[in-house]
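Because only heavy atoms are used, hydrogens play no part in the values below, and waters and symmetry mates are left out as well, while side chains stay in.
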Amino acid sequence: MIVRTTEEITGTDRDVSGTNWRSKRIILAGDGVGFSFHETTIETGAVCEFHYRHHVEAVWVVEGRGTLTNRETGERHPLSAGTMYLLDGHERHTVTCDEQLRMFCVFNPPVTGQEVHDETGAYPPPRPAA
């Protein structure tokens, strides 16, 4: 059984920040459960481009407002509390934040927690288990 609080993760290597976002990585690949689970916050006014070529991501919005844009099709979706989106086709996407967004995200395969977004917004491919 794994029990963690976001309070105990804050300020550790599981608490990762970028220019306009913060990700508290609650469950990671090293936990050995087959997925990772994160609390992500995006600041008001931010425009973030992502592309998870090697991961499927499910996102549940719990606070805030914004827009999700599929950069491949131009399709736009409003984001607010209660919205879920699933990037099951590895879509290139942009999140535009009108009011600070707080979201819970699940990644499969799990991330290690040390990944950084490359110039395309992607994480590197997962490394095989040793």
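- Closest approach of Asp98 and Gly66 over heavy atoms only: OD2-CA, 3.7 Å.
- With respect to the salt-bridge test (charged N to carboxylate O, under 4.0 angstrom), the residues Glu49 and Arg92 do not qualify.
- Tyr85 places a side-chain heavy atom less than 4.5 Å from the side chain of Leu79.
- Salt bridge annotation for Asp31-Arg14: present, with a cationic side-chain nitrogen under 4.0 angstrom from a carboxylate oxygen.
- For the side-chain contact (heavy atoms from CB on, under 4.5 Å) test with Lys24, the passing option among Thr12, Asp15, Thr5 is Asp15; the others fail.
- Two residues are said to be in side-chain contact when any heavy atoms from C-beta on lie closer than 4.5 Å; His93 and Glu57 meet this criterion.
- Note that OG of Ser36 is 7.0 Å distant from NE2 of His55, once rounded to the nearest 0.5 Å.
- For the pair Glu72 and Asn70, the tightest heavy-atom approach, listed with the atom from each and the gap, is N-OD1, 2.8 Å.
- When all heavy atoms are compared, the tightest approach of Pro110 to Gly34 is CD-O, 3.5 Å.
- For Arg76, the side chain to side chain contact (heavy atoms under 4.5 Å, CB included) test picks out Thr67, Thr69, with sequence neighbours left out.
- A side-chain contact (heavy atoms from CB on, under 4.5 Å) with Leu68 holds for exactly one of Val59, Val61, Val95, Thr94; it is Val95.
- Using a 4.5 Å heavy-atom threshold, the side chains of Ile9 and His38 count as separate.
- We find the CZ-SG distance between Arg65 and Cys97 to be 9.0 Å, quoted to the nearest 0.5 Å.
- Both Val16 and Val111 are members of a single hydrophobic cluster when ILVMFWY side chains are connected at heavy-atom separations under 4.5 Å.
- Connection of Val33 to Leu28 is not established within any shared hydrophobic cluster, with ILVMFWY side chains joined at heavy-atom distances below 4.5 Å, either directly or through further cluster members.
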Pair Glu91, Arg71 - check salt bridge (charged side-chain N to carboxylate O under 4.0 Å, His left out), show working. CA-CA 8 Å; Glu91 295 87 355; Arg71 292 199 318 266; over 6 Å; no

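- The shortest distance between side-chain heavy atoms of Gln100 and Thr41 falls below 4.5 Å.
- Taking all atoms of both residues into account, the shortest heavy-atom contact from His54 to Pro109 is O-CD, 3.3 Å.
- Residues Ile42 and Leu86 do not share a hydrophobic cluster, defined by chaining ILVMFWY side chains whose heavy atoms lie under 4.5 Å apart.
- In summary, the aromatic rings of His90 and Tyr52 are positioned with their centroids too far apart to meet the 6.0 Å limit.
- When atom types are taken as modelled, the side chain of Thr73 and the backbone of Glu75 share a donor-acceptor pair closer than 3.5 angstrom.
- Leu101 is connected to Leu87 through a chain of hydrophobic side-chain contacts under 4.5 Å among Ile, Leu, Val, Met, Phe, Trp and Tyr, so both are in one cluster.
- Hydrophobic clustering of Ile, Leu, Val, Met, Phe, Trp and Tyr side chains at less than 4.5 Å, counting indirect connections, unites Ile26 with Val56.
- Using cut-offs of 30° and 60° on the angle between ring planes, the pair Phe104 and Phe37 is parallel.
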